[in-house]
Amino acid sequence: MSPDERARARLALEAWFAEHARDLPWRRARDPYAVWVSEVMLQQTRVETVARYFEPFLARFPTAEALAGASEDEVLAAWSGLGYYRRARALHEGARAVVERHGGLVPRDRAARLALPGIGRYTAGAIGSLAFDLPEPIVDGNVRRVLSRVHRVDDARGARAAEERLWAEASAWAKAEAPGRVNEALMELGATHCARSSPRCGACPLAPWCGAHRRGDVDAFPSPRARSSPRELHVVALDARDEEGRCLLVKTDADASIEGALFRGLWALPMREGRGRAAARALAERWGLTLLAGRARSLEHVLTHRRLLVRVYRARTAGAKAGAKLVALGALHALGVATLTKKLLALSERGSAPARP
């Protein structure tokens, strides 16, 4: 694509975006910190889900200083339900670095942004272009799909070379009077028109310049990638209550257990890989609990790479051991609690008869 062609395509794209852009809450906030929060939330998460969390999160932590000064429990509680909690921990760590190194202000300098915990070149480019209107490129899944088709970038001969080509093309697109608007328009086009299957080429502002559209091979870009099925994992969990009805939750750490691998930093029901009452009994012994009689209840919980088949057993506790705490059900909102734990507690509340010791 020649510079003149790109300039005309860019104008068409910007005109389309001005007319068709969705009204999303983060588009009303151009503060660098708010842009950072929104971009982290949007990673691997649907727009509709993020729309429910963005404004409440900013109301709770309106500045980098507010986020840096919060405890991990407070941050994870506000993030609860968004999933991929390592993002929240990285954002929290990054906010502390911004306070320590930059006086609480997200830096304009790209190198300084890239030096912050949890910020790679996509997030750095999003902050740079959307908040500071700097000519910095972004390549997320939506932009990758648009540029792969427009420029017919084939990664069959090497994914790394194709990736660098896409970033080079994105850099060229961002060299505009309003790079933030161009980047946002590319993302919007990929999200709403340039879908992986059945793209709306007839309504696409870039159709006249799209190489794949002209050649009639839109479906070949990006190259289809085989997706592996989630690994099936059998898990036992314990819903342990004391005499006051408080449930026992454990704080998960980075260890080899199922809790540490999936729910690090969150409060969760005691759980471990395994199946059957023998596995549940061993788990109860680990936490000093009394396993109660009665049928276990089952639940399937699908994550990106795992399909958990969970059996939850009732148990009794006389107190909390180190690494655990007793929590009233009405106080769960104040903690970073795994979504799976909320589901298991709800399942237990709905379906269990009084258990016998």
Side-chain angles (χ1 to χ4, degrees), residues 41 43-46 48-50 52-53 72-73 75-90 225-241 247-287 289 291-292 294-317 321 323-325 327 329 332-333 335-352 355:
M41 285 187 170
Q43 293 168 14
Q44 297 178 289
T45 304
R46 294 175 61 85
E48 296 80 4
T49 301
V50 176
R52 299 197 304 268
Y53 282 82
E72 183 177 89
D73 270 343
V75 175
L76 293 180
W79 199 272
S80 183
L82 270 173
Y84 299 101
Y85 291 92
R86 63 182 179 277
R87 297 178 301 168
R89 291 191 294 270
R225 295 180 182 178
R227 292 188 177 184
S228 58
S229 300
R231 183 166 69 93
E232 190 174 281
L233 203 63
H234 288 270
V235 176
V236 293
L238 299 178
D239 178 359
R241 311 288 178 98
C247 62
L248 183 104
L249 301 181
V250 298
K251 187 67 171 286
T252 56
D253 296 316
D255 56 27
S257 69
I258 183 68
E259 308 107 293
L262 298 178
F263 309 119
R264 183 168 71 86
L266 298 172
W267 291 95
L269 293 182
M271 62 184 74
R272 57 165 286 181
E273 187 174 352
R275 63 172 81 187
R277 183 165 287 274
R281 187 176 297 109
L283 182 60
E285 291 174 359
R286 173 186 172 188
W287 290 103
L289 307 173
L291 191 65
L292 301 178
R295 290 175 53 191
R297 300 191 66 81
S298 300
L299 181 144
E300 181 178 307
H301 187 67
V302 180
L303 303 169
T304 304
H305 302 296
R306 291 182 176 90
R307 185 165 68 96
L308 305 184
L309 304 175
V310 187
R311 303 268 295 172
V312 58
Y313 295 81
R314 296 300 298 267
R316 184 73 68 200
T317 180
K321 296 180 67 174
K325 70 162 51 179
V327 182
L329 295 182
L332 291 176
H333 67 277
L335 299 174
V337 177
T339 298
L340 174 57
T341 284
K342 294 178 181 178
K343 288 183 176 180
L344 292 173
L345 288 171
L347 179 71
S348 186
E349 286 293 303
R350 286 197 309 268
S352 62

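Just so we're clear, the structure is a prediction, and the values are computed from it rather than from any experiment. Residue numbers start at 1 and run along the sequence shown.
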To the nearest 0.5 Å, atom CD of E273 lies from atom CG of L308 at 9.5 Å
Would you say the side-chain atoms of R87 pair up with the backbone N or O of M41, donor to acceptor, closer than 3.5 Å?
yes
For A77 and H333 the tightest heavy-atom approach is CB-O, 3.6 Å
Stepwise, does the side chain to side chain contact (heavy atoms under 4.5 Å, CB included) test hold for W287 with L238?
CA-CA 10 Å; W287 290 103; L238 299 178; 5.5 Å; no
In chain order, what residues pass the salt bridge (Lys or Arg N to Asp or Glu O under 4.0 Å) check against R241, with sequence neighbours excluded?
D239, E349
Residues forming a side-chain hydrogen bond (donor to acceptor under 3.5 Å, both in side chains) with T339, sequence neighbours excluded:
none
Salt bridge (Lys or Arg N to Asp or Glu O under 4.0 Å) partners of R295, counting only residues at least two apart:
none
Just jot down the side chain to side chain contact (heavy atoms under 4.5 Å, CB included) partners of H234, sequence neighbours excluded, or say none.
E232, R275, L309
Which pair of heavy atoms, one from T341 and one from A268, lies closest together, and at what distance?
OG1-CA, 3.1 Å
Shortest non-hydrogen pair, R277 vs G294, comes out as NH2-O, 2.8 Å
Is there a donor-acceptor contact under 3.5 Å from the side chain of K321 to the main chain of R286?
yes
Contacts of type side-chain hydrogen bond (donor to acceptor under 3.5 Å, both in side chains), residue T49, not counting sequence neighbours
none
Is there side-chain contact between K343 and V310, with at least one heavy-atom pair below 4.5 Å?
no
All salt bridge (Lys or Arg N to Asp or Glu O under 4.0 Å) counterparts of R231, not counting sequence neighbours:
none
Determine yes or no for a side-chain-to-main-chain donor-acceptor pair under 3.5 angstrom, with S80 supplying the side chain and V337 the backbone.
yes
Check the pair L340 / M271 against side chain to side chain contact (heavy atoms under 4.5 Å, CB included), numbers first and verdict last.
CA-CA 11 Å; L340 174 57; M271 62 184 74; 4.0 Å; yes
Determine the minimum heavy-atom distance between Y53 and G81, stating which atoms define it.
OH-CA, 3.2 Å
Any non-hydrogen side-chain atom of T45 less than 4.5 Å from a side-chain atom of L82?
yes
Could you go step by step and tell me if Y313 and R281 meet the side chain to side chain contact (heavy atoms under 4.5 Å, CB included) rule?
CA-CA 9 Å; Y313 295 81; R281 187 176 297 109; over 6 Å; no
One should read off an interatomic distance between L233 CG and H301 NE2, to the nearest 0.5 angstrom, of 12.0 Å
For L344 and L299, what are the C-alpha separation, side-chain angles and deciding distance, and is it a side chain to side chain contact (heavy atoms under 4.5 Å, CB included)?
CA-CA 7 Å; L344 292 173; L299 181 144; 4.1 Å; yes
Mind checking whether W267 and V327 have side chains closer than 4.5 Å, heavy atoms only?
no
If I take atom CG from residue L332 and atom CG from residue L345, how far apart are they, to the nearest 0.5 angstrom?
6.5 Å
I would like to know whether R89 and E72 meet salt bridge (Lys or Arg N to Asp or Glu O under 4.0 Å); could you show each step before the answer?
CA-CA 7 Å; R89 291 191 294 270; E72 183 177 89; 5.0 Å; no
Minimum-distance pair of heavy atoms, taken over all atoms of Y85 and W79:
CD2-CD1, 3.7 Å
How many angstroms lie between CD in E285 and CG in L291, if you round to the nearest 0.5 Å?
9.5 Å
